[in-house]
Amino acid sequence: MIKSCYIHIPFCDTICSYCDFCKIYKKEKWIDLYLDNLAKEIKNNPIKSPLETIYIGGGTPSCLSIKQLERLFKIIASFPKKEKIEYTIEGNFESTTKEKLLLYKEYGINRLSFGLETVNQKLEKELNRTHSKNTVEEVMNFAKKIGLNNINIDIIYAIPGETLEDVKRDIDYVLSLKPTHISAYSLIFEDHTILTIKKKKPIAEEKEIEMINYLNKKLKENAYEHYEISNYAKDNYQSHHNQTYWHNEEYYAYGLGASSYINNKRERNTRSITEYIKGKLNKEIEVLTTEDTLEYEIILNLRTKEGISLEKIQKKYGYDLSEKYNYQSLLENHFLEINNNHLLIPEDKWYISNEIIVKILEGEKYG
Ligand code: SF4
């Protein structure tokens, strides 16, 4: 049974220099047309099972007006849902008003996810973002006051020109806001982003590793569990929605560029807004073989602290993972370990997890 649904709202007030997500400058004339077609897309591909998680991501969903948000929430209100549901909306602090927070609450949203990235003004400029600490604190305080306590804050580190001291100041500030969840991403230089076009240079790898180690230590000291490569949570505040992805479970997805995973098919909608608002989804479809599914399982499960359940693989695929892939030397060299019948990457090697996963997949045994 599919228990998760993602809704994409691609509009942003400004475009960040590192962003390669599916996003566009907010244009009022597009938003109503977008919501019309989102409603149509959902009506034509309805949700059939009660949901346990809904995630409105972007883009910057909080940049919609109250009226537009209300329209969106009314569409979502008709979804079948379990009584206990994690219902998240992303946004930035600058466009989140008290009225919007009250509307979120009214429509059952119970988790907020904010992009803060950094509060260092020089680095903010590099990322083409701005924040006022007053606004950040006002939004956090008001959200908590009305019972929206489950809040994630995203930060970015390894920004060109950033030092370890800058990271320390950012994380101290984030900790002072007491979010239940923190996502910390190392800056990636993706093709066709402003950063790459401007030929900005990444910071030295040793500096980046110092920052990662610092973040891990500091967040652990402050009782955040490092449960996924880039994610840290207090108590039971792990993101249930993102766990659907990391556990390689199926999910619905609607909106521009959104990717769903249903019946062994990964389908991605067009990234062209002009096509989408004409009602054309032009889906890219990837039909998965059993081998593909297992590969996804390895790639996604190994992002998490718990890793891959070897028992689950045996039950689901009918063979032992080590019969299929030769990862013995990775185990011997401590790039992998087995704990409680789970294969996992130790936390101090997460920063090279991609390389380790590639090595596992290269070690596929044939014949
Ligand atoms: S707000 Fe988010 S989606 Fe929009 S440009 Fe910045 S990083 Fe990209």
Side-chain angles (χ1 to χ4, degrees), residues 6-28 30-31 34-35 38 55-65 68-69 72 88-97 100-101 104 109 111-133 135-136 139-140 143 151-160 162 170 174 179 181-198 200 202 229-231 239 241-242 245 253-259 268-273 276-277:
Y6 176 79
I7 311 267
H8 193 71
I9 302 296
F11 305 102
C12 291
D13 289 315
T14 54
I15 300 296
C16 306
S17 63
Y18 55 91
C19 181
D20 82 329
F21 301 139
C22 177
K23 82 297 174 183
I24 42 171
Y25 272 118
K26 181 172 128 181
K27 277 195 189 158
E28 286 301 328
W30 278 346
I31 298 180
Y34 186 83
L35 293 174
L38 184 69
Y55 194 105
I56 306 173
T60 312
S62 61
C63 79
L64 266 53
S65 69
Q68 291 157 345
L69 283 168
L72 171 66
T88 307
I89 187 163
E90 278 183 356
N92 62 20
F93 287 105
E94 302 305 312
S95 60
T96 301
T97 60
K100 288 181 190 175
L101 288 168
Y104 295 172
I109 287 173
R111 186 171 184 272
L112 309 176
S113 181
F114 291 109
L116 180 69
E117 319 316 351
T118 174
V119 283
N120 177 312
Q121 286 184 350
K122 199 179 94 210
L123 300 172
E124 273 186 338
K125 224 168 147 198
E126 192 69 89
L127 299 182
N128 199 26
R129 298 184 66 100
T130 47
H131 293 106
S132 113
K133 282 189 181 175
T135 310
V136 170
V139 170
M140 287 296 287
I151 303 175
N152 169 60
I153 293 184
D154 284 352
I155 56 166
I156 289 182
Y157 60 93
I159 303 165
E162 190 173 28
D170 273 355
V174 171
H181 192 283
I182 297 173
S183 301
Y185 300 102
S186 155
L187 184 67
I188 299 189
F189 288 67
E190 304 280 6
D191 289 346
H192 313 299
T193 58
I194 301 167
L195 272 183
T196 308
I197 292 163
K198 284 190 175 169
K200 294 283 177 180
I229 293 177
S230 309
N231 287 281
S239 160
H241 184 84
N242 287 342
Y245 303 146
Y254 303 98
L256 189 72
S259 298
R268 194 175 82 184
N269 286 346
T270 178
R271 282 175 77 118
S272 156
I273 185 75
Y276 190 83
I277 59 176

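Numbering of ligands and ligand atoms starts at 1, following listing order.
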Can you name the nearest heavy-atom pair linking Thr135 to Phe93, along with the distance? CG2-O, 3.7 Å

Measuring only between side-chain heavy atoms, which start at C-beta, is Cys12 closer than 4.5 Å to Phe21? no

Please tell me if the side chains of Leu187 and Leu195 come closer than 4.5 Å, counting only heavy atoms from C-beta onward. yes

Does the plane of the ring in His8 sit parallel, tilted or perpendicular to the ring in Tyr6? Use 30° and 60° as the thresholds. tilted

Ignoring hydrogens and angles, state whether a donor on the side chain of Tyr55 or Glu90 is under 3.5 Å from an acceptor on the partner side chain. yes

Can you find a pair of side-chain heavy atoms, one from Thr118 and one from Ile156, that are under 4.5 Å apart? no

Who's touching ligand 1 if we go heavy atoms under 4.0 Å? Cys12, Thr14, Ile15, Cys16, Tyr18, Cys19, Phe21, Lys23, Gly59, Thr60, Arg129

